[in-house]
Structure formats: C-alpha cells, structure tokens
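To start, the structure itself, in structure tokens.
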Amino acid sequence: MNQAPDLLMNEVVKAVEDKKAHNVVVLNLKGISLVADYFVICHGNSDTQVQAIAQEVRKVAGERNVPLRGLEGFDAARWVLVDLGDVIVHVFHRDEREYYNIERLWSDAKVVELV
C-alpha cells in the first residue's frame, strides 16, 4: 500500500491549519475517482488569507519535493485549486465555499476523521 498520498494529505492538513483555515474537510476518493486519492477542502475569510493558505500548501509541497501539477485561481482568491497529484487542495473564500458545496458533489466519498 502506498503511504505517500496519506503522508502528503496529513502534511497539507497541518499546513492549512497553520494558516488558520476554517472548516477543514478531507474526502477520501480512493476507489471513487481516478483524479486523486484525497481532496482537502477549506476556506479563508479574506482574499489575503485564501492566498496565504494556498501559498503554505505550495511551500510544504516544495519542501517535500512534491511536484505542483497545477495552481489555479490564486490571483482572484475566490477558489484556489492546488493540484499535488494524489492530493488536490481546494481553498475557498468563505462565500464561494457555500455556493459550490464540493462536499455535496462528492457525497459518495468518505470524510476522513482528522485528529
């Protein structure tokens, strides 16, 4: 069993929590999606906080030599997607989080209990 996605997911969760991300939810997509093993979903209350959270995820990925496959929405800071391959991070602005409700779209996925 490949532990790398699990370790990366845990590091990403720690990174977003370090930047005071709100309502951090991790969806386990193994066996449900070919896109990724995990979605980490969270939000910030301002454009600045959204960007700081996404920047911290990039920093952690770089420190662990995890290639950044994509970064979208950073300048607008309404919904930033950070693609790390097996782990995809969605950092929303509070208002957009409720509107897009990704958790509902992926309701087949198990929510990972964070300790």
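Not measured: the values here are computed from a predicted model.
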Side-chain heavy atoms nearer than 4.5 Å, only ILVMFWY residues, links allowed to pass through others: does that put [X] and [Y] together?
X    : Y   : answer
L68  : L81 : no
L84  : Y38 : yes
V13  : V57 : yes
I102 : V40 : no
M9   : V60 : no

Is there a side-chain contact between [X] and [Y] (heavy atoms, below 4.5 Å)?
X    : Y   : value
L29  : V35 : no
D6   : K30 : yes
R97  : V25 : yes
V111 : V26 : no
F74  : Q55 : yes
N45  : H93 : no
K110 : I32 : no
S33  : F39 : no

Check your understanding: What do the steps show when you test R78 against D47 for side chain to side chain contact (heavy atoms under 4.5 Å, CB included), and what is the final call?
Key -> CA-CA 7 Å; R78 304 310 288 176; D47 293 3; 3.2 Å; yes

Closest heavy-atom pair and its distance - [X], [Y]:
X   : Y   : value
D86 : A36 : O-CB, 3.5 Å
V80 : G73 : CG2-O, 3.5 Å
A52 : K19 : O-CG, 3.8 Å

Once rounded to the nearest 0.5 Å, what's the spacing between atom [atom1] of [X] and atom [atom2] of [Y]?
X    : Y   : atom1 : atom2 : result
E103 : N23 : CD    : CG    : 6.5 Å
K20  : I53 : NZ    : CD1   : 11.0 Å
D37  : I88 : CG    : CD1   : 10.0 Å

**Study point:** Parallel, tilted or perpendicular: rings of W79 and Y100 (30°, 60°)
**Key:** tilted

Point to revise | Test side-chain contact (heavy atoms from CB on, under 4.5 Å) applied to H43 and R94, H90, Q49, the passing residue | key: R94

Review point. Does the pair E17/K14 count as a salt bridge with the N-to-O cut at 4.0 Å?
Key: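 Judged by the 4.0 Å cut-off on N to carboxylate O distance, E17 and K14 do not form a salt bridge.
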
**Study point:** R64 CZ: over 12 foreign heavy atoms closer than 6.0 Å
**Key:** yes

